[in-house]
Number of protein chains: 2
Amino acid sequence: MNLKQLSLKLGLSQTTVSRALNGYPEVNEATRLRVERAAAQYQYRPSTRAKGLATGKALAIGHVIPISTRHEMVNPVFGDFIAGAGETYARNGYEMILSISDDAQEEQVYRGLKARRAVDGVVVHGPRIDDSRIRLLHEIGLPFVVHGRSSGVDLPYAWLDMNNRHAFQRATDFLLDLGHRRIGLVNGMEFMDFAHRRRDGYAMALLARGIPVDPAIMQSHEMTEVYGYQATRDMLAQDNPPTAFLYSSLVSAIGARRAVEEAGLVMGRDVSIITHDDDLSYLKNGGDIPIFTATRSSVRVAGAKVADMLLAAIADPDLPPQHILLEAELMVGRSTGPAPRKD
Amino acid sequence: MNLKQLSLKLGLSQTTVSRALNGYPEVNEATRLRVERAAAQYQYRPSTRAKGLATGKALAIGHVIPISTRHEMVNPVFGDFIAGAGETYARNGYEMILSISDDAQEEQVYRGLKARRAVDGVVVHGPRIDDSRIRLLHEIGLPFVVHGRSSGVDLPYAWLDMNNRHAFQRATDFLLDLGHRRIGLVNGMEFMDFAHRRRDGYAMALLARGIPVDPAIMQSHEMTEVYGYQATRDMLAQDNPPTAFLYSSLVSAIGARRAVEEAGLVMGRDVSIITHDDDLSYLKNGGDIPIFTATRSSVRVAGAKVADMLLAAIADPDLPPQHILLEAELMVGRSTGPAPRKD
DNA sequence: CGCAATTTTCAAAGCGCTTTGGATCAGGCG
DNA sequence: CGCCTGATCCAAAGCGCTTTGAAAATTGCG
């Protein structure tokens, strides 16, 4: 069933039917009702493509998911983010289109999206320090919102970020307050902006108390379980091992627990652990009492907000770029405790 | 840059330019070259929407991601599956469009996709027993491939599935061979077809050795870490606790390890654990030596194959429905060992 | 060289929608 | 009654592409 057939069936012109359905005022309320009823009856839905062609809008938002080339890894956060954003799109009649891309073709993917006029805007995932995509999108004139920020970029752009620096500063302070003086950092890849900021917050907290930042107890990698395990195991085996650790992801923290237990230590007593927690639906940090003390910020909520920002920016292109900075919540769980006394 | 502008610039008709770019034979090889060069120079890419309108194809594949209403959970497997499928689509000039939907609106989402002519086909995720979506898609005539199968559906349909029954039968046999006689099952929701089949395989293996299937040591739930923990803890607290467990997901198995250690037991000695492992990129089951003994089958590979099947089915609608049954690999890790002697 | 057979190119229609610029119709007013 | 207004409705153009049917250019061959 298309517009023409529907209008024929109703004995009306396509114009009138189109207007009735799109809520224009120049159509009699009675006929509008008649049209709407018929549309429902015949399950008529305008073709997105035709509508897009006619209006010049794509009615679609692109998400370009970077896949780390070396590690072939998909960010586990992705599913929940998309779930948040998807609801917003559906409510507003937008489709979500996904592209997978490794770092090498990333630019081509964005250019392609623009040239094919496939989307009205895109969400930039996993921004790196001084991320070239921001300049690129500015240049080709594709509206976008960044999930995260990119240090070093001086162009204005819209973003939603979690306050990574503050979260890790606070987490570090919390450990310092518990008496820990040697705190390991098991971070994500530090060319990723979020990891860079987290490290910053960590370092700031240490320096504020006159504690030196020691590269020997700082690691940076893709945040897998195995990495969390290895990094922790290696640091615990050092001469002057940390009594506490900070993790950038619950997944790595899980690996950490494995290492701690394998070393015959008890988490929360011999070793304290704090992790960042994206509040993923399938990886809740325990029930009422968190397993790990954590800085929590829901990535699903972030997805919904980013989608809102992008749709708003598309609706009104003159709007100045919006910024949202979410604060993580510090949840005290059972993985932290006072620093063990030195005997 | 659109077709018209490009053809003007070349002094050719739109027809010729279009044909040159789409590889039709009735165009001089010299002009084709000239056209292709110009297209590259001006970064010309045909508008997907216009092309779709003209050809009647959407050049897009839909993925409808079910979100469990009660648990608001996104399947963690999803990211990797999409990564596998996405590459195939990109290579073939297709877009991937994603819709989020809870169980209640699922039917409307598929109908909408069809009515709006937004996709040429869809991938059905997370099939349930006697899944109504299969009949629906047949009815509305939207090509599809199911990732998994649906017991009880008598209509023919294309699917790719992992041999769940066999995998769990084999895993159970493995434990039985180690001397275990009391084996717990920590399964996914059993209205999900895969969980149903896994339970079947488990039960068959037990019955083949004359061991009764005991509901007291079988649980079924969304496969979260917390669930794995609680189910294991509860079963271990029973009078006649299992000496071995089977898990439907690595995530739950991680929770299991937590419960085992909390109970002061040692995994692989006091308690044996086997889990299914989807080989997710961010949740590898250890390095060379698996942490958990596991039945492994890459969901990313599954994604790529499903995409291939769907594109083939769309290209040739007369093709009979294809079926692919993948066998899981049994990886022996450090979480299993001989059944502890009864003292 | 001339004519038919090919090759190469093109104008125009059509895909399903929106939107512009009128038409038509009823009602109101002098 | 005639004209103007506002409310309804409509025909047709246009969005950017593909594809049909035909024209123009080239080639082959006697």
Side-chain angles (χ1 to χ4, degrees), chain A residues 1-36 38-39 42-60 93-95 112-120 315, chain B residues 1-36 38-39 42-60 93-95 112-120 315:
Chain A
M1 173 70 50
N2 60 23
L3 225 213
K4 192 171 179 181
Q5 298 170 325
L6 184 64
S7 58
L8 242 47
K9 216 163 274 252
L10 281 161
L12 289 169
S13 74
Q14 298 190 35
T15 310
T16 305
V17 175
S18 170
R19 299 209 139 138
L21 259 21
N22 289 315
Y24 281 72
E26 55 269 270
V27 42
N28 193 327
E29 210 44 45
T31 50
R32 181 197 305 285
L33 220 71
R34 202 158 66 87
V35 170
E36 276 172 353
Y42 297 113
Q43 295 247 36
Y44 169 76
R45 305 283 250 92
S47 150
T48 319
R49 273 165 300 139
K51 189 165 185 160
L53 236 205
T55 57
K57 326 221 73 196
L59 297 175
Y94 276 73
E95 320 272 9
L113 248 24
K114 169 72 177 183
R116 292 196 312 265
R117 280 137 290 180
V119 299
D120 295 321
Chain B
M1 173 72 49
N2 61 22
L3 225 212
K4 191 170 178 183
Q5 298 170 325
L6 184 63
S7 58
L8 242 46
K9 216 162 273 250
L10 281 161
L12 287 169
S13 75
Q14 299 190 34
T15 310
T16 305
V17 176
S18 169
R19 299 208 138 137
L21 259 20
N22 290 315
Y24 281 72
E26 54 268 88
V27 45
N28 194 327
E29 209 44 45
T31 50
R32 183 197 303 285
L33 220 71
R34 202 158 66 88
V35 170
E36 276 172 352
Y42 296 114
Q43 295 246 37
Y44 168 76
R45 306 283 248 94
S47 150
T48 320
R49 272 165 299 140
K51 188 165 187 161
L53 235 205
T55 58
K57 326 222 73 198
L59 296 175
Y94 276 75
E95 320 273 8
L113 247 24
K114 168 71 178 183
R116 293 196 311 264
R117 280 138 288 181
V119 299
D120 295 322

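By convention in this document, chain letters (A, B, ...) are assigned in the order of the sequence lines, proteins followed by strands, and residues within each chain are numbered from 1.
When the salt bridge (Lys or Arg N to Asp or Glu O under 4.0 Å) test is applied to A:R32, the partners found at least two apart in sequence or on another chain are A:E29. Take A:A115 and apply the side-chain contact (heavy atoms from CB on, under 4.5 Å) test, not counting sequence neighbours, and it matches B:R45. A search for side-chain hydrogen bond (donor to acceptor under 3.5 Å, both in side chains) contacts involving A:S13 returns A:T16, not counting sequence neighbours. Scored by the salt bridge (Lys or Arg N to Asp or Glu O under 4.0 Å) test, B:R19 finds no partners at all (sequence neighbours excluded). Listed by chain and number, the residues in a side-chain contact (heavy atoms from CB on, under 4.5 Å) with A:A54 amount to none (sequence neighbours excluded). Scored by the salt bridge (Lys or Arg N to Asp or Glu O under 4.0 Å) test, B:R117 finds no partners at all (sequence neighbours excluded).
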- prompt: What does nucleotides 9-19 of chain C look like as a protein-contact string, B for base, S for sugar-phosphate only, - for none, at under 4.0 angstrom between heavy atoms?
  reply: BBBB-BBBBBB
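Between the side chain of B:S7 and the backbone N or O of B:L3, at least one donor-acceptor pair lies under 3.5 Å. At distances below 3.5 Å, at least one donor-acceptor pair connects side-chain atoms of B:Q5 with backbone N or O atoms of B:N2.
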field: Dot-bracket pairing map - DNA chain C, Watson-Crick plus G-U, both contacts under 3.5 Å, | cross-strand
entry: ||||||||||||||||||||||||||||||
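Between the P atom of D:dT8 and the CG atom of A:L33 lies a distance of 14 Å, rounded to the nearest Å.
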